Amino acid sequence: MQQAEHFYSSSYILNKGVGKLILTEDEQAILDGSGGNAAAKSMKILVALGEIYGAEKLIPISSVQIAGVSYDNLGDAGLDYLAELARDGVVRVLTTLNPAGMDMRDWRKLGISDEFALKQKKVVEAFAKMGVITTCTCTPYLIGNLPAFGDHIAWSESSAVTFANSVLGARSNREGGPSAIAAAMIGKTPAYGLHLDENRKPTFTVKVKTKVESLSDWGALGYALGNASEGKIPYIMGLPHTSVDNLKSFGASVITYGGSPLYHIQGVTPEASEYKAPEGKTVDITDDEMKKAYKALNDDAADVDFVSLGCPHASIQEIAEIAGFLKGKKVKDGVELWVATARPTKAIADEQGYIKIIEDAGGKVATDTCMVVAPIKGRFKVMATTSAKACFYARGKNKNQVHIGDFEKCLNAAVSGRWN
Ligand code: F3S
């Protein structure tokens with residue numbers, strides 16, 4: 001162990017001539033074990049990352065969002081790793097969790113086995129022991145983990161990273177689960193990538209020449225843009241001022257389909273005013289591109305057996321809209337409707353009476369989880385959703401056919417069992 005720690009000492013890195021990372025005395029001491037095993041392991045991860053990406057120093061962060069929480073993804077190896085960290089590890093900054101594989105209190109209503117629940121609870125307990133706030137949501141910015149403009153953060157949920165960078169103007173690379181945990185344990189991250197001014201500039205121009213209105217339109221736009229972007233940072237022109245809900249759906253889609261975790265929209269996002277449209281690569285998104293996106297995101301099956309809303313997790317406004325539509329209606333027998341949201345958002349919706357309306361209609365409000373991270377492969381054949389990101393994972397992970405449309409269209413499918 002000692003040997004491994006010294007292997008990553010700053011002098012080693014300087015001598016190696018690859019990275020330039022210089023640690024402070026305190027950081028070096030943590031690397032050498034002064035803060036315990038979990039802190040030393042975490043520092044080792046940060047130093048290795050910094051070395052790979054040419055960071056010169058570690059910088060303080062204000063918050064962390066950890067993805068990879070579902071036992072479905074972690075398995076026993078992941079659980080063992082977390083248990084080891086939890087023995088003496090404590091997070092140093094505000095840290096929240098991404099969705100887990102089940103509703104942490106009411107997993108049976110979502111058809112999750114007690115066997116899976118036991119493992120999932122151990123995962124979340126390990127995080128709780130480290131001082132992590134165990135609200136499991138991909139929209140931490142809606143429930144109190146809300147960084148300020150210019151804050152450095154270390155988040156690992158791709159849609160949340162994209163929202164934080166683009167809409168809030170905070171600065172995060174797209175962390176992996178282990179590097180996010182490491183950053184939380186140390187309260188710092190290596191200064192590279194999107195933490196640096198020079199890497200936040202737009203590198204191609206997008207001209208939107210079509211109407212983008214509903215939530216699913218924003219998802220389809222993200223699909224078209226993500227596919228065309230080759231990982232470059234877009235400077236987007238021609239879009240109207242819009243809601244947080246549309247922007248969270250858009251960002252989730254852009255990053256899922258190959259875009260960068262940062263976009264600038266002229267007149268809408270906070271850093272756009274610092275730049276002009278870059279010369280060179282320019283992409284037009286016309287009615288044609290949107291039609292192609294919708295076609296690509298809709299399969300042929302006419303019967304729908306699963307309607308999944310809240311990807312990224314639904315806001316209170318979205319839940320109000322869903323309840324407004326469902327009032328007095330019934331979800332068809334044989335169709336399952338999930339509305340995924342954060343537990344605190346559900347609490348507000350409960351106060352407002354929205355949850356009762358959704359449940360009276362036969363819908364299920366799924367907190368702490370979602371259709372992608374829950375172990376539901378094989379249960380449903382055809383999913384309807386407002387989210388282009390959900391389409392991607394439902395196809396790839398759950399082997400579903402999919403349909404995308406606005407809330408009304410999806411909820412009509414929940415009531416009729418048909419996609420019209
Ligand atoms: Fe969130 Fe699950 Fe979608 S984590 S962004 S609801 S795939």
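Because only heavy atoms are used, hydrogens play no part in the values below, and waters and symmetry mates are left out as well, while side chains stay in. As the structure is a prediction and not an experimental result, all values here were calculated from the model. Ligands are counted one by one from 1 in listed order, and the atoms in each one are counted from 1 as well.
- Relative orientation of the His264 and Tyr275 rings is tilted, given thresholds of 30° and 60° on the angle between their planes.
- Ring centroids of Tyr257 and Phe392 are separated by less than 6.0 Å, placing the two rings close together.
- Relative ring orientation between Tyr53 and Tyr192 is described as parallel, the plane-to-plane angle staying below 30° on a 0-90° scale split at 30° and 60°.
- In this structure, Phe204 has no ring-ring contact (aromatic ring centres under 6.0 Å, His included) partners at least two apart in sequence or on a different chain.
- A salt bridge links Arg418 with Asp303; the closest basic N to acidic carboxylate O contact falls under 4.0 Å.
- Around atom 3 (Fe) of ligand 1, the protein atoms of type N, O or S found under 2.8 Å away are Cys311 SG, listed by chain and number.
- Below 4.0 Å from some heavy atom of Glu157 lie the following atoms of ligand 1, by number and element: 5 (S).
- Checking Asp406 against Ser216 by side-chain atom types alone, no donor-acceptor pair falls below 3.5 Å.
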